[in-house]
Amino acid sequence: MAELALEKEMRKVVVRFSGDSGDGMQLTGDMFSQSSGQEGLDLTTTPDFPAEIRAPQGSIGGVSSFQIQIGGTEIYTPGDQVDVLVVMNPAALKANLDKLKPGGTIIADMDSFDRRNLKKAEYASDPLVDNTLDEYHVIKAPATSLTKSALKDLGLSNQAITRSKNMFALGIVAYIFSRPLAKVKKLIDNKFAKRPELAEANKLALEAGFNFSESTELFGASIVIPPAKLPKGTYRNIDGNTAVAWGFLAASENSGRKLSLCSYPITPASEILHELTARKDMGAIVFQAEDEIAAICAAIGASFSGNLSVTTTSGPGASLKSEAMGLALISEIPLVIVNVQRAGPSTGLPTKTEQSDLYQALYGRHGDAPMVVMAASSPDDCFRFSYEAAKIAMEHSTPVILLSDTYLASGTSPWRIPDMAELPEIKIPVFDRSPEEWEPYQRDPEYLSRYWKSPGDAGFEHRIGGLEKKENTGNLTYEPANHQKMTKIRAEKIERIAKKLPELETIGAQQGKLMVVGWGSTHGAINTAVTELLEDGEKSVGFAHFNYIQPLPANTEEIFGRYDQILVCEINNGQFVNYLRSIYPQFSYKQLNKIQGQPFFTSEIKAEIINRLTDL
Amino acid sequence: MMEGVADKQAELTRQDFVSDQAVRWCPGCGDYMILANMQKAMTQMGTNKEDFLCVSGIGCSSRITYYLDTYGIHSIHGRALAVATGAKLANPDLNVWVFTGDGDCLAIGGNHFIHSCRRNINLNVVIFNNKVYGMTKGQSSPTTPAGIKTKTAPEGSIENTFNIGELAIGSGATFFARVPDNNHKLLEEVMLEANKHTGISVIEVLQNCVIFTDGIHELITGKETKDDNQVVCKHGEPLLFGKDRLYGLKLDGMKLKKVPYDENDTGFISHDMYDEDSAMHLALAKMEIPDLPVAMGIIRQAEKSNYANVLHQNIKRARELSEFKTVHDLFYSGNTWEV
Ligand code: SF4
């Protein structure tokens with residue numbers, strides 16, 4: 001057996017739970033995340049769902065996994081390579097072995113490595129017995145049988161008993177990482193609050209796994225990860241889709257506008273629709289429309305009625321919405337369109353991540369139709385950016401596109417719960433004079449926003465619509481000069497928002513050879529790569545990350561000017577880099593593009609940076 | 001509060017709903033009559049001027065939102081109902097009217113139409129049925145009868161048509177009325193009844209387009225022929241038509257049949273617009289000349305739960321039972337930890 005890669009004290013560790021889709025790996029992973037957060041660790045997680053919805057049990061197609069990186073340092077990604085791999089059956093081993101570090105630890109439910117399961121996973125002989133796993137540290141745990149005997153007196157069905165074996169696995173992992181058993185049990189109690197008999201079973205299985213590890217002395221001692229230095233506060237784990245939904249609830253509360261969400265189900269955005277449907281209890285008005293077009297149109301109606309209005313979708317749905325985006329834009333009403341991007345074109349890889357709808361967000365409308373485009377960069381900051389998107393839409397009477405993606409939507413990270421008072425105030429321009437002094441297309445002079453008047457407001461009756469409007473009065477007109485003027489005003493309105501945006505920040509070299517650039521969900525991988533290089537003594541690399549894409553932060557050009565070369569890394573075939581080229585053609589750009597439906601590995605970015613530096 | 005509303009209402013005149021925009025339909029277009037009657041009816045609906053919202057799509061019909069001095073959205077082709085749905089759900093106190101045409105509502109907007117009927121959301125929908133695309137200059141629509149020549153059917157249309165009443169009722173609409181554009185009294189009456197109905201109200205107006213399909217409804221609406229070719233449905237009354245109302249309707253097996261009326265014969269059909277079962281309403285809506293008269297007036301008005309009300313009741317209840325008073329409570333629910 002190879003030398004053990006785990007050490008007694010580690011800065012960060014990657015654990016991957018993997019099993020059949022019925023094995024409860026997502027729940028196991030989620031509990032381990034909660035427990036890690038409670039111990040003061042930073043973390044990032046990502047689920048990896050089976051490729052096929054109804055793949056046969058025990059087959060490779062039916063493997064479901066959950067990966068988490070935990071650390072006593074800041075953690076921005078779920079990790080490139082796995083330190084500890086938990087496999088509940090042979091298929092899970094087969095599907096994940098290539099992700100394991102040399103010398104990594106495998107915890108396998110040896111009971112499930114029977115002839116039938118080995119055959120389903122296409123193993124000719126048992127890898128736990130032959131020499132397949134020689135370079136790894138293997139813990140063979142009789143998870144199924146020990147769970148059965150631990151639970152035998154509970155009078156549960158066979159199925160319920162077998163389903164608890166994931167907690168046996170969690171017990172082993174809890175032991176390895178010195179987790180206080182009582183705290184993990186509390187998590188189980190919370191999870192199964194309504195089913196005490198299942199809580200009992202799960203706790204017994206957990207304990208059995210923990211005791212098995214202790215008594216068999218699998219490790220000389222447990223691994224300790226010193227807690228991370230996170231800002232003080234109350235934390236919880238949050239996934240990107242929930243964070244988006246909650247950002248809108250917060251914006252609704254702070255602005256005093258009711259929230260209307262009008263959406264049509266689509267992977268991977270549906271969870272926002274689900275969460276806000278459940279948030280009827282917060283007063284959210286949620287409408288599941290008959291199609292994507294109806295969804296955005298209903299949101300436009302809701303906005304005219306005076307609500308904070310949102311429609312959520314993914315790329316194919318965003319295509320269908322593009323005509324109506326034009327209506328919202330020419331009507332100059334607040335609206336947020338969330339695109340949780342997936343790999344396209346067409347149905348593409350609907351469950352996989354990509355950043356390839358950037359062109360669509362920037363340019364995918366007829367006419368001259370500029371909109372605010374922004375992107376979130378981690379599961380927890382999806383909250384901040386959905387709040388910001390709502391704020392900008394309402395303060396500037398404009399549609400805003402917020403880009404997220406599969407990776408952010410289903411990944412989780414710890415979120416420091418903000419005080420509502422610390423969130424930026426939402427100041428919707430108010431027209432406080434009499435109706436006689438008002439015109440429908442009058443604007444706030446500083447930012448050119450139109451005033452938001454809604455039905456119910458006597459004296460301000462007016463019509464909006466898709467036809468070009470006369471400046472100020474909003475009357476219909478085909479006057480040539482007016483169309484030019486209005487087109488310019490609409491563009492200028494978006495540009496002026498840049499004044500309000502935070503400046504672009506850089507880490508690492510403030511000038512020099514190479515500036516690494518990313519946008520949206522690639523932040524974690526690029527940040528980690530650059531930070532590691534800086535720690536290794538590299539002095540000529542800087543990194544800047546974009547959340548605001550249209551308009552760009554005001555100091556973008558000045559910052560780019562300080563470097564010899566700009567390396568733009570993105571999960572598409574080069575959309576942001578070309579956008580930058582079109583705006584600032586004077587700089588020398590290089591690009592790193594990954595288009596595999598997968599996020600970047602830190603190692604890939606590191607390698608490319610080193611490559612570039614040797615060329616320069 | 002109700003008194004205040006009534007007071008304000010009493011002061012409203014037709015002029016209050018006339019906007020400052022020049023009306024730009026062709027002289028003689030049936031749309032003028034719909035506009036005038038709508039403006040008149042609005043003064044009697046018990047709704048304050050600022051609480052009306054008029055929504056339209058694209059086409060000649062949809063221009064009407066600019067001519068009504070209320071809050072209005074002239075939206076995009078086919079989508080008026082979707083826009084109106086969002087607006088109504090956002091503020092269920094609004095009195096929302098949707099104006100659309102046969103092309104706008106039934107072709108490009110067909111999906112929204114059937115689903116709005118199915119949901120029975122409290123919207124009032126006026127469909128201007130001129131059986132042609134007017135604004136885009138004369139193409140076939142889903143109601144263009146077979147054989148009629150259009151720009152896209154120069155030899156005459158070869159398509160089957162939608163019967164708007166059949167489609168609406170079949171999709172779950174709880175209120176359906178049909179009116180010729182030249183019957184002012186009936187137009188106003190139907191608009192006021194639609195206003196009272198708490199579910200979706202669909203009004204089909206047989207509207208004359210003087211440019212592309214002039215006279216297409218003539219046999220039904222013309223002075224000479226209308227008595228024979230129209231039956232105006234009145235709840236609780238036998239369905240009589242023809243000069244001096246000499247004919248009535250009877251069932252012959254599953255089919256309606258025109259029979260000389262005999263008041264002593266109890267086999268004649270009386271109109272029951274409140275019937276929950278839509279079978280007779282469908283049969284009436286489907287009647288066609290020359291064998292049967294075309295049914296006018298309110299054909300169906302049934303009670304069924306309506307979407308906006310139920311949704312808001314559910315939200316209200318959930319809010320009352322909620323353990324979350326503010327988002328702060330929500331954010332701190334479940335597993336949290338201190339650093
Ligand atoms: S084209 Fe026909 S429907 Fe349109 S305004 Fe003229 S007459 Fe009316």
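Below, chains carry the letters A, B, ... as their sequence lines are ordered, and counting in each starts from 1.
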Checklist entry - Hey, mind stepping through B:His312 and A:Ile285 against side chain to side chain contact (heavy atoms under 4.5 Å, CB included) and telling me if it holds? => result CA-CA 8 Å; B:His312 279 276; A:Ile285 302 167; 3.7 Å; yes
Please name the pair of heavy atoms, one in [X] and one in [Y], separated by the smallest distance, quoted to 0.1 Å.
X: B:Thr326; Y: A:Met282; answer: C-CE, 3.6 Å
X: B:Val327; Y: A:Ala250; answer: CG1-N, 4.1 Å
X: B:Phe331; Y: A:Met420; answer: CE1-SD, 4.3 Å
X: A:Gly283; Y: B:Ile315; answer: CA-CG2, 3.8 Å

Checklist outcome for this item: With chain B, the option among A:Pro414, A:Ser454, A:Pro418 that has the most non-hydrogen atom pairs under 4.5 Å is A:Ser454
Checklist entry - Do you know which of A:Glu323, A:Glu253, A:Lys453, A:Lys232 has the most heavy-atom pairs under 4.5 Å to chain B? => result A:Glu253
Checklist entry - What part of A:Ala228 lies closer than 4.5 angstrom to a heavy atom of chain B: side chain, backbone, both or neither? => result neither
When rounded to the nearest 0.5 angstrom, what distance separates [atom1] in [X] from [atom2] in [Y]?
X: B:Glu338; Y: A:Gln38; atom1: CD; atom2: CD; answer: 11.0 Å
X: B:Asp16; Y: A:Glu461; atom1: CG; atom2: CD; answer: 9.5 Å
X: B:Ile76; Y: A:Ile330; atom1: CD1; atom2: CD1; answer: 11.5 Å
X: A:Lys186; Y: B:Asn335; atom1: NZ; atom2: CG; answer: 8.0 Å
X: B:His74; Y: A:Ile464; atom1: NE2; atom2: CD1; answer: 11.5 Å
X: B:Trp337; Y: A:Gln34; atom1: CH2; atom2: CD; answer: 6.0 Å

Next on the checklist: Counting only non-hydrogen atoms closer than 4.5 Å, does B:Asp329 touch chain A with its backbone (N, CA, C, O), its side chain (CB onward), both, or neither?
Outcome noted: neither
Next on the checklist: What part of B:Leu94 gets within 4.5 angstrom of chain A, counting heavy atoms only: side chain, backbone, both, or neither?
Outcome noted: side chain
Less than 3.5 Å apart, which donor and acceptor atoms pair up between the side chains of residues 298-308 of chain A and the rest of the protein, not counting sequence neighbours?
from, atom 1, to, atom 2, distance (Å)
A:Ser303, OG, A:Pro334, O, 2.6
A:Ser305, OG, B:Ala87, O, 2.9
A:Asn307, ND2, A:Ser260, OG, 3.0

Checklist entry - Hey, mind stepping through B:Ser322 and A:Lys280 against side chain to side chain contact (heavy atoms under 4.5 Å, CB included) and telling me if it holds? => result CA-CA 9 Å; B:Ser322 175; A:Lys280 268 200 279 294; over 6 Å; no
Checklist entry - Relative to each other, are the rings of A:His462 and B:Tyr71 parallel, tilted or perpendicular (30° and 60° limits)? => result perpendicular
Next on the checklist: Quick check against the 3.5 Å criterion: does A:Arg463 have a side-chain atom that pairs as donor or acceptor with the backbone of B:Tyr67?
Outcome noted: no
Checklist entry - Using non-hydrogen atoms and a limit below 4.5 Å, what part of residues 102-121 of chain B faces chain A? => result B:Asn111, B:His112, B:His115, B:Arg119
